[in-house]
Protein chains: 4
Amino acid sequence: MEYSDKQLQIMEAAEFLFAENGFHGTSVRDIADKANINLAMVSYYFGSKEKLLEAIFSYRGESIKLKLESILQQQGMSSLEKVYLLVDHYIDKIMNRQHFHRILAREQVLNNSGPITDLILDMKRRNLEIISRLIHEGQEKGEFRKGIDIPMMMSVMVGTASNLITSKQYYKVLSNLEALPEEQFQQYIRDTLSKHLKFLFKTILTHEV
Amino acid sequence: MEYSDKQLQIMEAAEFLFAENGFHGTSVRDIADKANINLAMVSYYFGSKEKLLEAIFSYRGESIKLKLESILQQQGMSSLEKVYLLVDHYIDKIMNRQHFHRILAREQVLNNSGPITDLILDMKRRNLEIISRLIHEGQEKGEFRKGIDIPMMMSVMVGTASNLITSKQYYKVLSNLEALPEEQFQQYIRDTLSKHLKFLFKTILTHEV
Amino acid sequence: MEYSDKQLQIMEAAEFLFAENGFHGTSVRDIADKANINLAMVSYYFGSKEKLLEAIFSYRGESIKLKLESILQQQGMSSLEKVYLLVDHYIDKIMNRQHFHRILAREQVLNNSGPITDLILDMKRRNLEIISRLIHEGQEKGEFRKGIDIPMMMSVMVGTASNLITSKQYYKVLSNLEALPEEQFQQYIRDTLSKHLKFLFKTILTHEV
Amino acid sequence: MEYSDKQLQIMEAAEFLFAENGFHGTSVRDIADKANINLAMVSYYFGSKEKLLEAIFSYRGESIKLKLESILQQQGMSSLEKVYLLVDHYIDKIMNRQHFHRILAREQVLNNSGPITDLILDMKRRNLEIISRLIHEGQEKGEFRKGIDIPMMMSVMVGTASNLITSKQYYKVLSNLEALPEEQFQQYIRDTLSKHLKFLFKTILTHEV
DNA sequence: AATGAATGAGAATTCATTCAT
DNA sequence: TATGAATGAATTCTCATTCAT
């Protein structure tokens, strides 16, 4: 699915506002104002507000998928190194697409069924599959122990990262980092999160739980 | 603040619906229908839909606070055992109040300021303080290593648990547990989560990151 | 019709609020709050909000009527002096019952029919009758000229006085009297109004229009 | 500020209803019904019911202002003749815009502050200024006496005219003019009012009070 | 006599969407 | 392709009144 410039313009405005105020907390008028387009364009291009959200999910989901594929192909790396790469890649994604990941965090809370729930499930399934292959590779090489609960491991990674991103305003206060400029704070989070997740994964993968 | 039966009835209906469909996704009419009360009662008792949400937050937040206080007082336990107790206590809370924690997970995503953001910050601050005391106690006794990033530790616990709760529908599918009856599945999650978090905490607290 | 203390308490609160914010701009709850009584008492005592307004009209109207009767009986006064007395009496009434007269001024604007319109008409009719007798007395004595438009004369008196009362906030600003304390300002208005109306009436009554 | 046909259509309907039933006594639905437009159009065009009232005030206020300016410029007239012209002009205005003037009469009773009170004050200030210039011109030419209370004079004019307009239903009854067709009655009021106000003004301006 | 709780109707406003151009 | 106007449904909230006690 290709999107025109105008469509992307709308999607980006919507992504920001959905992240900021929630789906229902954002009106089509808000989106039109922010995207500097006519109110009717949202229906015109996407059919409805709901379909716009779906478009955002499928667009961002797509771009996440593509890059993950290549990690496994890397040669001359231990499985643990690949896991580390994956962690950094994931952190990168989530930091660069904070708006989207905040929407994701909100929407997955809902017990809806529908296209979006399906898209989220797809996304998770895809990630699970890639990580599974990686873990199994490591297990076969004897690097990792047996009996790893991979979905739980994903929850540790996704949950911790999400929590940090979505509650970074609180984290900043609680860690007394309010003086730090925004950019340095982002870098600080990135580094700290990376270090911690790698440590946790190494532990999970190589020690008995 | 004391609430009458009627008020609690409204709050529980609202809690469920807010968790299910989000704050903006839930209308006052929905709440009135579910709580089997007259539409105007919500305004009558709480002033507004927003204030109703605040009441839920302050009510649930209060009940969380009270129980946490007692853990530290336990005698004849190592600090690590206390941390384990805290983990189980936290899992208990989050499992028993899944509706509320799903609301919490949603709302903390928003960049709002206002009474609710303040209540969340308070809640986090309170938790941080208790955990901090626990960790410091362990550090002084030499049980735990120095230089622990406590807010990050909280993010691991809260994030992982939240993620598991909010995405348990996905977890069930991805772990091929669809055959398991709901109650057993809940118990399974509880146990697995407990085991993992304890393992992670032990690692974080006693090994170098 | 006799009113209990509680009823008078309600009527006074309502009178003030109706004058301040209009009938529709005042809620029964506002009245109950101001009168420090239970919300249900208004319906209980008066039947409805509308009937409360009627009660105020009939009560105040009654008290206005009673005093007017005596003026005509005065002995040893010229008709003009009696008119002067009437003017001062009217100004007294309107100044002492400013709340009520502001309601009156508002309500007479409406094209309603109903008990209140009838009460206003009664009030005006009564006033007209008294003034008419006074004027005719003066005409018979040769003090006043013939062919006086008495309703118009009343409009001059009532209109000018009402306008001054209801727009005194504007009058204060426009006359640069903002420094004057409220009490002195009231006295100033009273005196100036009295002087002017007497002059106008003397002119109307004794010169050709 | 320019208004579209649709906007004027709404404003006229609202003006009539506000005059008839008061601001709070008129619902947006009433306005929409009378103006034959969709209920949402009021918010769409004016933002709110309150802003609609403001629009009416500023629109009518504007039209009043413009015409007044020209009177002073008249050449070859005595100051008294100009005052007479002003009186007739004012009566014209108030007779042609009875709806608006009834709203004005109602609203100025309220002790509110806010945009509308400000607009009324502006209107009054503007009128005062023009009349003042006229009076001072007459005083300098020796036509008028010194020490005239101009705001009081305005109260006589505005109050008498307002009272007559707003209570013309009563006036009709009290003057036994019920048989007169509406149009002739309007003309009768106009003439009588003009004659009286001119007489009163002449008296006020040339005799001692 | 008095009241706190409750109610149904109606208020103003906002919403996502559609339509005529 | 693009838009300003328009719409009907739904929103939250307030209202005057009534009812059970």
Using modelled atom types and a 3.5 Å cut-off, is there a donor and acceptor pairing between side-chain atoms of C/Ser167 and backbone atoms of C/Tyr170?
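No, C/Ser167 side chain to C/Tyr170 backbone: no donor-acceptor pair under 3.5 Å.
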Do any N or O atoms from the side chain of A/Thr26 and from the backbone of A/Asn21 form a donor-acceptor pair under 3.5 angstrom?
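No.
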Taking DNA chain F as the partner, which of residues 21-37 of chain A come within under 4.0 angstrom of it by heavy atom?
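Result for residues 21-37 of chain A: none.
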How far apart are the closest heavy atoms of A/Met11 and A/Ala55, and which atoms are they?
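Nearest heavy atoms, A/Met11 then A/Ala55: CE-O, 3.6 Å.
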Please find the pair of heavy atoms, one from A/Thr166 and one from A/Ala105, that lie closest to each other, and give the distance.
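So the two residues come closest at CG2-CB, 4.1 Å.
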Trace of the side-chain contact (heavy atoms from CB on, under 4.5 Å) decision for A/Ile37 with A/Tyr45
CA-CA 11 Å; A/Ile37 49 110; A/Tyr45 276 126; over 6 Å; no
How many angstroms lie between [atom1] in [X] and [atom2] in [Y], if you round to the nearest 0.5 Å?
X	Y	atom1	atom2	answer
A/Leu104	A/Ile120	CG	CD1	5.5 Å
C/Ser4	C/Ile10	OG	CD1	7.5 Å
B/Glu107	B/Ile56	CD	CD1	10.0 Å
C/Leu17	C/Ile103	CG	CD1	9.0 Å

Which residue pairs satisfy the salt bridge (Lys or Arg N to Asp or Glu O under 4.0 Å) criterion with at least one member in residues 27-53 of chain C, sequence neighbours excluded?
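Passing the test, one end in residues 27-53 of chain C: no pairs.
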Name all pairs fulfilling the salt bridge (Lys or Arg N to Asp or Glu O under 4.0 Å) condition that reach into residues 6-25 of chain B, sequence neighbours left out, sorted by first residue then second.
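Output for this query lists B/Glu15-B/Arg60, B/Glu20-B/Arg102.
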Separation of atom CD1 in B/Ile10 from atom C1' in E/dT7, rounded to whole Å:
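Answer to the nearest Å: 13 Å.
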Between C/Val42 and D/Asn38, which has a closest nucleotide on DNA chain F that is more 5'?
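Mapping each residue to its closest nucleotide by heavy atoms, the 5'-most match is D/Asn38.
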Go through C/Phe100 and C/Phe57 one step at a time and tell me if the ring-ring contact (aromatic ring centres under 6.0 Å, His included) criterion holds.
CA-CA 8 Å; C/Phe100 176 63; C/Phe57 266 85; 5.2 Å; yes
By a strict heavy-atom criterion of less than 4.0 Å, which residues belonging to residues 43-51 of chain C are in contact with DNA chain E?
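Heavy-atom contacts with DNA chain E come from C/Tyr44, C/Tyr45.
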How do B/Leu39 and C/Lys6 order along DNA chain E: which one's closest nucleotide is nearer the 5' end?
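Nearest nucleotide further toward 5': that of C/Lys6.
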For DNA chain F, the dot-bracket pattern of Watson-Crick and G-U pairs whose distances stay under 3.5 Å, | for other-strand partners
.||||||||||||||||||||
Do D/Val28 and D/Leu52 have side-chain heavy atoms sitting under 4.5 Å apart?
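No; the side chains remain at least 4.5 Å from each other.
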Along DNA chain F, 5' to 3', what are the outermost nucleotides having an atom less than 4.0 Å from a heavy atom of chain A?
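Both ends considered, the range comes out as F/dT1 to F/dG4.
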